[in-house]
**Student:** 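I have a structure here, written as structure tokens, and I will follow up with some questions on it.
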Protein chains: 2
Amino acid sequence: MGQVNIKELAAKLGLSTSTVSRAFRNNSDINPSTKERILRVAEELGYSPNIYASSLRDSKSKTIAVIIPEFGNNFFSQALKGIEQQARSNGYHTLIYVTEDDVQQEAVHIRSMCNGRVEGVIMSASGEGLNHIHLNLLKEHQVPLVFFDRFYEDVEATIVTGDDYKSSYKATKHLITSGCKRIVYLVINKHISIGKTRMQGYTDALNDAGIALDEALIIECTNNREEIYNILKQAFSTLKPDGVFAAVERLAMSALRLCNDQGIAIPQDLKLVCFSCSDIADLLNPALSTVRQPAYEMGFRAAGVLFDALKKQQTFTPKHIVLLSSELIVRTSSRS
Amino acid sequence: MGQVNIKELAAKLGLSTSTVSRAFRNNSDINPSTKERILRVAEELGYSPNIYASSLRDSKSKTIAVIIPEFGNNFFSQALKGIEQQARSNGYHTLIYVTEDDVQQEAVHIRSMCNGRVEGVIMSASGEGLNHIHLNLLKEHQVPLVFFDRFYEDVEATIVTGDDYKSSYKATKHLITSGCKRIVYLVINKHISIGKTRMQGYTDALNDAGIALDEALIIECTNNREEIYNILKQAFSTLKPDGVFAAVERLAMSALRLCNDQGIAIPQDLKLVCFSCSDIADLLNPALSTVRQPAYEMGFRAAGVLFDALKKQQTFTPKHIVLLSSELIVRTSSRS
DNA sequence: TTGTAAGCGTTATCAG
DNA sequence: CTGATAACGCTTACAA
């Protein structure tokens, strides 16, 4: 690095390193004019304190990490936006890690965070509810953790998530009252936290309406667009559903595409509702009924919880769940 | 931090700190069995080398920074995905900074990167082409920089961007040959790099078709959905356009919404084409013609350039432009 | 193959 | 208000 360091700067100024150091802190006793002179020359020389030395000195990194399962969908980018904004206004730096839905990756990332790199972690879980000893590392290293959206139930940490059960129940009930009898549930993985919770809302709504649960109507998909399409094509042709409740946006989009291709009329032949953070659901053909999660707010709040803990010097966040309510927005795709 | 350090670990093992340190490096001379024993006990005690101490020692942070103007749109999340993936496979950490289209913020972020925090920067510019002395800081501190999408022409760095001029020309020409006579150009800011380049394609296409440029048809919008809507409403009612070319997705979506609301038939009354990375353009009402930028690839390539430079120990990236071609996908919204 | 020791750039403490 | 000094935890010559 073509870096000037504090020693050189001090030498050039005819001062000690301590005095120079003080110029960069706000609380220290220092002659205002000395301070000003130091800052001016520092500016000229392009000096600023090496953060690794500082961090090493007082084990503060002013950095948080965000771990998410995937990237490039509306939900996570909006949540991330909320987190980043919160971090920025708290003067923190934000490291971002993607797991691609792989718990192994998650573990790798977590491990890389236990050497003081970050002061706290915000994450949306990738795994299934078992196998997360890797999170104990954070506890051991006293790095506070906050979950958002997807979480591990047995890990002690604050959770900020949506009222998925309730909204799923509501969405399913809405389909039922709109006349649907054979409602399929589309999900990536019915065992992970959100897939599971949302399914529970679905099954309970069916149950309460006196509709027997047909396991065949629960369709597990993948993350790949072509695969999803083919799975749905196959499933729709054999199952003849008249309603679709999709746990994630991507699945609903493929369903929509399939219906358009196959001439299945929405909402006449089939009604469709899904979880989605898309801001153009109203422009789709037909306009899509959605359960809209407050993604931005979720990120913002989760980060807020973390920074509160950090301010209080807490080494963990209390086991506590913050439920943000989602909104069921009925549009053409599920009108009766 | 409840951190074990190398000294304690060494003591517990009856070894010196150097030997322990060697166990964590791959190249050093060390007895394999000693190494194994060290690693095992380290695991037990939850030890891993403090990265700030390491970074301080050999001024390597294994971290890059990404600076983007905004968050939560398809383009940047996909680009980010490409960058993150590249970083991950190179064993680097990724810091993310958002400027909210504010050059001041950009400067603040840049400044915070010149103390060794990062080894390189990938950024999409927020400013207008002047006023970027703040980037000299990176050069002074020998931190290599790569631009993607939006750049500053006078800054020496590699640029990875789309062939915006060509695609804009093509898109506009397509509208013209589809019969449009009064094509409006929607843009957030016609002076910044992409807004400007895309406008050039638009004006040249008009020109080559013998259509006189009408400045009134260039409509500058904001970033706010309601404001955009109102601006367009006003503009459309007075200008009566029969074609729309939007420099960014968001503007086209508002145009679409407006037309839907006002009963302006697309493509009969008005044809619409826009830059967009949406993967559901085909599902819109009507299916939207788009210029699709290779966002993911752009991020991936930009990061690739940076890591190449890093591997070669270069302190800068050469002034050089990589143009990735966009694809004009004609759908219903602009069919004649 | 292992140990010793210097030093990376800062800052808190203490003394002046 | 300013200066000297030790320490943060690690790595790498160099010595053994």
Side-chain angles (χ1 to χ4, degrees), chain A residues 1-39 41-42 45-63 112-119 141-142, chain B residues 1-39 41-42 45-63 112-119 141-142:
Chain A
M1 302 273 154
Q3 198 63 286
V4 186
N5 65 25
I6 199 172
K7 251 184 188 159
E8 290 165 28
L9 179 55
K12 201 140 300 185
L13 283 156
L15 291 168
S16 74
T17 59
S18 355
T19 307
V20 173
S21 178
R22 276 190 271 262
F24 287 88
R25 238 134 307 293
N26 294 317
N27 43 1
S28 300
D29 287 345
I30 185 173
N31 186 317
S33 74
T34 312
K35 178 169 179 172
E36 200 188 340
R37 189 164 68 96
I38 294 171
L39 259 24
V41 178
L45 269 59
Y47 167 81
S48 61
N50 179 300
I51 56 131
Y52 290 110
S54 309
S55 296
L56 175 58
R57 227 346 270 245
D58 39 64
S59 33
K60 283 271 161 280
S61 62
K62 284 280 179 188
T63 304
S112 85
M113 279 162 205
C114 294
N115 7 198
R117 188 183 296 274
V118 302
E119 293 181 29
H141 290 267
Q142 302 178 269
Chain B
M1 302 275 153
Q3 198 62 290
V4 187
N5 65 25
I6 199 172
K7 251 187 189 157
E8 290 165 28
L9 179 54
K12 201 139 300 185
L13 282 157
L15 291 168
S16 74
T17 59
S18 13
T19 308
V20 173
S21 177
R22 278 190 269 261
F24 286 88
R25 236 131 307 290
N26 295 317
N27 44 0
S28 301
D29 287 344
I30 185 172
N31 186 315
S33 74
T34 313
K35 177 168 179 173
E36 200 188 339
R37 189 164 67 97
I38 294 171
L39 259 25
V41 178
L45 269 59
Y47 168 81
S48 60
N50 179 300
I51 55 132
Y52 290 110
S54 312
S55 298
L56 175 57
R57 218 357 260 250
D58 36 69
S59 32
K60 283 270 160 282
S61 63
K62 284 280 179 189
T63 304
S112 85
M113 280 163 204
C114 294
N115 8 203
R117 189 184 295 274
V118 302
E119 293 180 29
H141 290 266
Q142 302 180 270

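Every chain is numbered from 1 and lettered A, B, ... according to where its sequence line falls, protein lines coming before strand lines.
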**Student:** Do the non-hydrogen side-chain atoms of A:Thr19 and A:Lys35 ever get within less than 4.5 Å of each other?
**Tutor:** no
**Student:** Over how many whole Å does the gap from A:Ile38 atom CD1 to C:dT11 atom C1' extend?
**Tutor:** 14 Å
**Student:** Specify the separation, in whole Å, of atom CG of A:Leu13 and atom P of D:dC1.
**Tutor:** 18 Å
**Student:** Base, sugar-phosphate, or nothing for A:Ile51, non-hydrogen atoms under 4.0 angstrom?
**Tutor:** nothing
**Student:** Take atom CG of A:Asn115 and atom P of D:dG9, then tell me their distance rounded to the nearest Å.
**Tutor:**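 The answer, rounded to whole Å, is 13 Å.
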**Student:** So for atom CD, which belongs to A:Glu36, do other residues, nucleotides or ligands contribute more than 12 heavy atoms lying within a distance under 6.0 Å?
**Tutor:** no
**Student:** Kindly determine whether B:Val41 and B:Leu9 satisfy side-chain contact (heavy atoms from CB on, under 4.5 Å), including the steps that lead there.
**Tutor:** CA-CA 8 Å; B:Val41 178; B:Leu9 179 54; 3.8 Å; yes
**Student:** Through what angle, rounded to 10 degrees, does the axis of the helix from C:dT1-D:dA16 to C:dG16-D:dC1 turn between its ends, using five pairs per end?
**Tutor:**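 Answer rounded to 10°: the end axes differ by 40°.
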**Student:** Can you confirm whether B:Arg37 sits close enough to B:Leu15 that some side-chain heavy atom of one is under 4.5 Å from a side-chain heavy atom of the other?
**Tutor:**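 Side chain of B:Arg37 against side chain of B:Leu15, heavy atoms only: contact under 4.5 Å found.
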**Student:** Quick one, A:Ser21 and A:Ile6 - any side-chain contact, counting heavy atoms below 4.5 Å?
**Tutor:** yes
**Student:** Starting from C1' on C:dT10, measure out to CZ on A:Phe24 and report it in whole angstrom.
**Tutor:**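 Result: 12 Å.
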**Student:** List the steps, then state whether side-chain contact (heavy atoms from CB on, under 4.5 Å) holds for A:Tyr52 with B:Asn115.
**Tutor:** CA-CA 8 Å; A:Tyr52 290 110; B:Asn115 8 203; over 6 Å; no
**Student:** In whole Å, what is the span from the CD atom of B:Glu36 to the P atom of C:dT1?
**Tutor:**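 One finds 15 Å between P of C:dT1 and CD of B:Glu36, rounded.
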**Student:** Categorize B:Ser55 for me: base, sugar-phosphate, or nothing, with a 4.0 angstrom heavy-atom threshold over every strand shown.
**Tutor:**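 No contact.
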**Student:** If you count the non-hydrogen atoms of other residues, nucleotides and ligands that lie under 6.0 Å from NZ in A:Lys12, is the total more than 12?
**Tutor:**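 Open: at most 12 neighbouring heavy atoms sit under 6.0 Å from NZ of A:Lys12.
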**Student:** Mind listing the closest non-hydrogen atom pair of B:Arg117 and B:Thr63 along with its distance?
**Tutor:**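 Looks like O-CB, 3.7 Å.
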**Student:** May I have the distance from B:Leu9 (atom CG) to C:dG3 (atom P), rounded to whole angstrom?
**Tutor:**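 After rounding, the gap between these two atoms is 12 Å.
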**Student:** Taking all atoms of both residues into account, what is the closest heavy-atom pair of A:Tyr47 and A:Asn5, and its distance?
**Tutor:**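 Looks like CE1-C, 3.7 Å.
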**Student:** If the sugar-phosphate is the primed atoms plus P, OP1 and OP2 and the base is the rest, what is the B/S/- string for nucleotides 4-9 of chain C, using protein heavy atoms under 4.0 Å?
**Tutor:** B-BBBB
**Student:** What's the CG-P distance between B:Asn31 and C:dT2, to the nearest Å?
**Tutor:**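 So the CG-P distance, B:Asn31 to C:dT2, works out to 5 Å.
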**Student:** Would you mind reading off the distance between B:Arg25 atom CZ and D:dA13 atom C1', rounded to a whole angstrom?
**Tutor:**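 The distance from CZ of B:Arg25 to C1' of D:dA13 comes to 15 Å, rounded to the nearest Å.
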